[in-house]
Amino acid sequence: MVDEVKKRGREVLKILKKQYPEVHCTLEYRTPFQILIATILSAQCTDKRVNQVTADLFKKYTTPNDYLRVSLEELEDDIRSTGFYHHKAKNIRALCEILRARYHNEVPRTMEDLVQLPGVGRKTANVVLGNAFGISSGFVVDTHVGRLSRRLGLSEETDPKKVEQDLVRIFPQKEWIDASHRLIALGREYCSARKKRCSECPMIKICPQNE
C-alpha cells in the first residue's frame with residue numbers, strides 16, 4: 001500500500017512539474033519579515049486581497065518597531081479587509097514584541113522558534129522557512145493541498161498535520177517547497193472546493209475521482 005501511494009506520488013509530481021514548470025509563492029514580499037506578516041494576514045483570506053493590503057502596509061511598516069509604534073486600533077484599521085483583523089492585529093503586535101526582545105528584530109530560521117510566535121503554526125512556519133530561506137522543513141498544507149491530497153489518493157487525513165506527515169513520506173525533501181506551490185496552483189485552476197474542472201484537469205488519467 002505504501003509503495004502504491006509513493007508510486008502515485010511520483011506520477012502526480014511528474015504531471016505537476018510539466019503543468020507548472022515555474023512556481024513561486026503568490027504572496028508578494030521582499031523580506032522574511034514581510035512574508036511572515038503576509039502569511040499571518042492570509043488566514044481565511046485570499047492572497048490577492050492580502051497583496052492589495054500589503055502594498056500600502058509594507059510602505060508604512062518596515063520593521064517590528066513600526067508595528068509597535070502605532071495603536072492597536074490603527075493597525076486593525078490598516079488590515080481590516082483581510083478579515084479577523086482584531087485577532088491578527090493582536091498577534092502581529094505580540095510577535096513583533098518577541099522579535100524585538102529575543103531576535104534583534106530578525107525572523108528566526110527554525111521551526112521550533114517560529115511556532116512559538118503568536119499566530120504562527122506549522123503552515124505559516126513552513127511558508128516562511130521555504131520561501132524566505134529556502135529551508136525544506138516540511139510541507140505547506142493549506143486548504144488546497146489538503147483537499148487535493150485526499151482527492152488524488154495521497155492522504156486520507158483531514159488534520160493538516162497528519163496530511164503533512166503523509167506528504168513528507170511520499171515526496172522527496174528537495175521537492176517539498178515547489179510541490180506545495182504546484183498543488184496549490186492545480187487546486188486554484190482545476191480543482192477548487194466549489195467547482196471541479198475534471199475533464200480539463202491534467203490529473204484526469206490518474207485521479208481516483210475518475211476511476
Side-chain angles (χ1 to χ4, degrees), residues 2 5-6 9 12-13 16 23-45 47 50 54 58 61 63-65 67-68 79 82 84 87-150 154-185 187:
V2 175
V5 176
K6 285 192 174 183
V12 167
L13 187 59
L16 286 173
V23 287
H24 59 84
C25 181
T26 52
L27 291 171
E28 296 174 358
Y29 67 97
R30 292 184 179 179
T31 67
F33 181 55
Q34 286 185 350
I35 194 171
L36 174 60
I37 298 299
T39 308
I40 289 172
L41 294 179
S42 71
Q44 303 298 312
C45 183
D47 287 1
V50 172
T54 57
F58 290 161
Y61 307 91
T63 68
N65 286 329
Y67 288 91
L68 298 171
I79 65 173
T82 67
F84 300 95
H87 189 59
K88 290 177 181 179
K90 287 180 180 178
N91 281 336
I92 288 172
R93 283 174 60 87
L95 74 84
C96 284
E97 287 274 14
I98 295 173
L99 291 182
R100 182 170 67 177
R102 300 182 191 172
Y103 300 105
H104 306 288
N105 291 323
E106 297 292 332
V107 176
R109 297 188 177 213
T110 68
M111 173 66 68
E112 293 75 18
D113 287 336
L114 281 168
V115 295
Q116 297 302 314
L117 298 175
V120 178
R122 280 196 62 87
K123 188 198 87 168
T124 295
N126 278 327
V127 170
V128 172
L129 291 170
N131 293 282
F133 304 119
I135 299 173
S136 297
S137 58
F139 206 104
V140 174
V141 178
D142 70 348
T143 55
H144 292 292
V145 173
R147 183 176 66 255
L148 288 180
S149 295
R150 291 183 289 275
L154 302 176
S155 177
E156 296 180 352
E157 303 292 346
T158 55
D159 183 329
K161 291 182 180 179
K162 292 182 179 180
V163 174
E164 182 183 2
Q165 290 171 2
D166 286 338
L167 295 179
V168 297
R169 285 193 290 264
I170 294 169
F171 295 107
Q173 186 173 4
K174 65 180 181 179
E175 303 287 355
W176 291 350
I177 297 172
D178 287 347
S180 175
H181 289 318
R182 290 182 169 111
L183 282 170
I184 292 170

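Note that the structure is a prediction, hence the values are computed from the model and not measured. Reckoned from all heavy atoms, side chains included, excluding hydrogens, waters and symmetry mates.
Within a 6.0 Å sphere centred on CZ of Phe84, other residues, nucleotides and ligands contribute 12 heavy atoms or fewer.
Here side-chain hydrogen bond (donor to acceptor under 3.5 Å, both in side chains) pairs that include residues 129-139, with residues two or more places apart or in two chains, are Asn126-Ser137, Asn131-His181.
Taking Asn65 as the reference, Arg100 meet the side-chain hydrogen bond (donor to acceptor under 3.5 Å, both in side chains) condition, with sequence neighbours excluded. Among residues two or more places apart in sequence or in another chain, the salt bridge (Lys or Arg N to Asp or Glu O under 4.0 Å) test is passed with Asp47 by Arg188. In this view, Arg102 satisfies the salt bridge (Lys or Arg N to Asp or Glu O under 4.0 Å) rule with no residue, not counting sequence neighbours. For Glu157, there are no salt bridge (Lys or Arg N to Asp or Glu O under 4.0 Å) partners, not counting sequence neighbours. Residues satisfying the ring pair (Phe, Tyr, Trp, His ring centres under 6.0 Å) criterion with Phe58, sequence neighbours excluded, are absent altogether.
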Legend entry - side-chain contact (heavy atoms from CB on, under 4.5 Å) evaluation trace for Leu167 with Val145: CA-CA 10 Å; Leu167 295 179; Val145 173; 3.6 Å; yes
Inset, instruction - Report the C-alpha separation of Val23 and Leu16 in whole Å, then their side-chain angles, then the decisive distance to 0.1 Å, and conclude whether the side-chain contact (heavy atoms from CB on, under 4.5 Å) test is met. - result: CA-CA 10 Å; Val23 287; Leu16 286 173; over 6 Å; no
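The distance from atom NE2 of His144 to atom CG of Leu183, rounded to the nearest 0.5 Å, is 11.0 Å.
Aromatic ring pairs are classed by plane angle as parallel below 30°, tilted from 30° to 60° and perpendicular above 60°; the pair Tyr61 and Tyr67 is parallel.
In this structure, Thr39 and Leu27 approach most closely via the heavy-atom pair OG1-CD1, 3.7 Å.
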